[in-house]
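Beneath this line is the structure, given in structure tokens, with notes to follow.
Just so you know, these numbers use all the heavy atoms, side chains as well, and skip hydrogens, waters and symmetry mates. Letters A, B, ... mirror the listed sequences (proteins, then strands); counts begin at 1.
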Number of protein chains: 2
Amino acid sequence: MTDAKWLNDEQLVVWTRFVAVLQLFPAALDAQLERDAQLTHFEYFTLAMLSEAPQRTMRMTALAGFTTASLARLSRVVSNLEKRGYAKRQPCPEDRRATNVTLTQDGWQKVVATAPGHVDLVRSIVIDTLTAEELTQLSTISAKLLSKLDPQARMVATARSQTPPPV
Amino acid sequence: MTDAKWLNDEQLVVWTRFVAVLQLFPAALDAQLERDAQLTHFEYFTLAMLSEAPQRTMRMTALAGFTTASLARLSRVVSNLEKRGYAKRQPCPEDRRATNVTLTQDGWQKVVATAPGHVDLVRSIVIDTLTAEELTQLSTISAKLLSKLDPQARMVATARSQTPPPV
DNA sequence: CTCGAAAAGTTGTAGCTACAACTAAATCAC
DNA sequence: GTGATTTAGTTGTAGCTACAACTTTTCGAG
């Protein structure tokens with residue numbers, strides 16, 4: 001690895017702060033969504049990704065990529081969403097190993113109903129707090145971190161399309 | 001809340017990327033520490049904070065502040081660390097509601113042994129990946145986010161002192 | 001003083017996640 | 001073609017965390 005053993009004071013401050021962000025941010029997202037929509041952030045994000053896919057349908061593996069999750073984790077979460085009527089699984093005709101997940105009408109409406117409040121939170125914490133310049137910086141920095149965290153970039157560039165509900 | 005309903009494309013990219021970081025970073029930290037030292041990142045961070053406290057001792061509530069955790073969570077983790085001989089609890093004489101946690105000799109050695117490998121990871125993902133300028137930016141941005149995530153700033157500025165093992 | 005509220009911790013319970021083991025289908029090599 | 005490997009997905013199990021309920025002690029008001 002690298003040579004220097006410890007972090008200097010400045011580096012330590014950055015790191016410590018960032019660790020706090022890593023700790024608090026997911027909790028804040030979960031708290032808002034759980035309170036307002038009885039969804040974890042991961043569940044919401046999964047529904048949101050599905051809502052933007054063509055036909056609102058995606059293969060499990062693709063969805064796992066978009067949500068940066070393991071197939072195991074996604075499988076459990078989709079089962080749960082299915083139980084609640086927000087998603088539906090169907091065997092994929094082209095590849096009989098694969099499974100297609102589709103957002104149901106209820107799932108779509110859930111996303112539509114939930115998105116505004118969630119976007120408000122994201123705006124209030126990130127978008128409206130940082131300057132345009134800082135937002136750009138965060139974008140660049142995140143991309144660099146991701147290149148180390150996920151070298152093969154399984155987490156695709158998030159193909160955009162369609163109309164509303166985004167993240 | 002704010003008025004605009006959706007995020008524009010740029011904002012969406014930033015947010016999506018950042019969500020991926022939020023997802024992958026903790027997993028990477030846990031994976032390295034679990035593999036090399038049979039510790040979660042939260043456990044390691046707890047030990048590291050203790051290692052820098054005067055007397056290597058802190059009240060539960062203070063430690064909860066430094067680790068940005070709830071008392072409930074910390075209590076369980078400290079119990080576990082105690083079972084493994086890395087920490088020790090003692091009733092606080094000044095306030096009989098309170099509990100002091102102390103890093104044991106074993107705990108200290110665990111931190112000393114674990115820190116280098118962990119610092120390597122942190123360097124390789126963050127410190128060495130970003131330019132000095134970007135590090136400063138990340139620091140500023142993190143501070144701004146924290147001001148929203150934790151307005152009362154329970155998470156103190158991480159009083160520094162003593163010698164090695166830092167984070 | 002003394003009573004009600006706040007602070008410091010702990011713990012039961014339910015839900016989520018990681019890891020590993022496992023099935024089934026598609027591919028690749030020869 | 002046929003067996004070995006890889007890909008897609010599911011599920012058992014153990015461990016971690018959040019939330020809420022509950023003690024015990026301290027503090028503040030009157």
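By the ring-ring contact (aromatic ring centres under 6.0 Å, His included) test, B:F42 is found to be paired with no residue, residues two or more places apart in sequence or in another chain being considered.
Listed nucleotides: C:dC16, C:dT10, D:dG9. Nearest to the side chain of A:E43: C:dC16.
When all heavy atoms of A:A28 and A:L121 are compared, the closest pair comes out as O-CD2, 3.9 Å. B:L149 and A:I125 get closest at one heavy-atom pair: CD2-CD1, 3.8 Å. Here the shortest heavy-atom pairing between A:R59 and A:A98 reads CD-CB, 3.7 Å. Nearest heavy atoms, A:S124 versus A:T129: O-OG1, 2.9 Å.
Atom C1' of nucleotide D:dC16 and atom CZ of B:R84 are separated by 12 Å, given to the nearest angstrom. Rounding to whole angstrom units, CZ of residue A:R73 and P of C:dG15 are separated by 17 Å. At whole-Å resolution of the value, CD in B:Q23 and P in C:dA18 are 8 Å apart. If you take CG of A:L74 and P of D:dT7, they are 18 Å apart, rounded to a whole angstrom. Rounded to whole Å, atom C1' of D:dA18 lies 17 Å from atom CD of A:Q32. Look at CE on A:M58: it is 12 Å from P on D:dG9, rounded to the nearest Å. Going from atom NE2 of B:H41 over to atom C1' of D:dC16 covers 16 Å, rounded to whole Å. Between A:D30 atom CG and D:dT17 atom P the separation is 14 Å, expressed in whole Å.
Electrostatic pairing of B:E43 and B:R84 counts as a salt bridge here, judged by a charged N lying under 4.0 Å from a carboxylate O.
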Would you tabulate the side-chain donor-acceptor contacts of residues 85-93 of chain B under 3.5 Å, counting partners in other chains and residues two or more places apart, or write 'none'?
residue	atom	partner	partner atom	Å
B:R89	NE	B:E82	OE1	3.1
B:R89	NH2	B:S79	OG	2.4

Open item on the list: Determine whether A:Q32 and A:H118 satisfy the following criterion, side chain to side chain contact (heavy atoms under 4.5 Å, CB included), listing intermediate values before the conclusion.
Closed with: CA-CA 7 Å; A:Q32 182 266 318; A:H118 182 58; 3.0 Å; yes
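In this structure, B:F25 has its ring center closer than 6.0 angstrom to the ring center of A:F18.
Dense packing is recorded around CD of A:Q38, with more than 12 heavy atoms of other residues, nucleotides or ligands lying under 6.0 Å away.
Comparing the axis of the opening five pairs of the helix from C:dC1-D:dG30 to C:dC30-D:dG1 with that of the closing five pairs yields an angle of 40°, rounded to 10°.
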- [ ] Starting at the 5' end of nucleotides 21-29 of chain C, put B wherever the base has a protein heavy atom under 4.0 Å, S where only the sugar-phosphate does, and a dash everywhere else.
- [x] ----BS---
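Taking CG of A:L7 as the start and CG of A:L12 as the end, the distance is 5.5 Å to the nearest 0.5 Å.
In this structure a side-chain-to-backbone donor-acceptor pair under 3.5 Å is missing from B:T57 to B:A53.
Looking at heavy-atom distances under 4.0 Å, A:R89 makes contact with sugar-phosphate atoms alone, never a base. Within 4.0 Å (heavy atoms only), A:S75 reaches at least one base atom of the nucleic acid.
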Please write out each protein N/O paired with an N/O of nucleotides 19-21 of chain D under 3.5 Å, distance rounded to 0.1 Å.
none

Produce the list of close N/O pairs, under 3.5 Å, pairing protein atoms with atoms of nucleotides 2-5 of chain D; give distances to one decimal.
none

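In this pair, B:H41 and A:W15 present their aromatic rings perpendicular. The plane angle is above 60°, beyond the 30 to 60° band.
Mapping A:A27 and A:A98 onto DNA chain D via the closest heavy atom, the residue that lands nearer the 5' end is A:A98.
In summary, the side chains of A:R17 and B:S139 do present a donor paired with an acceptor at a separation below 3.5 Å, with no hydrogens or angles considered.
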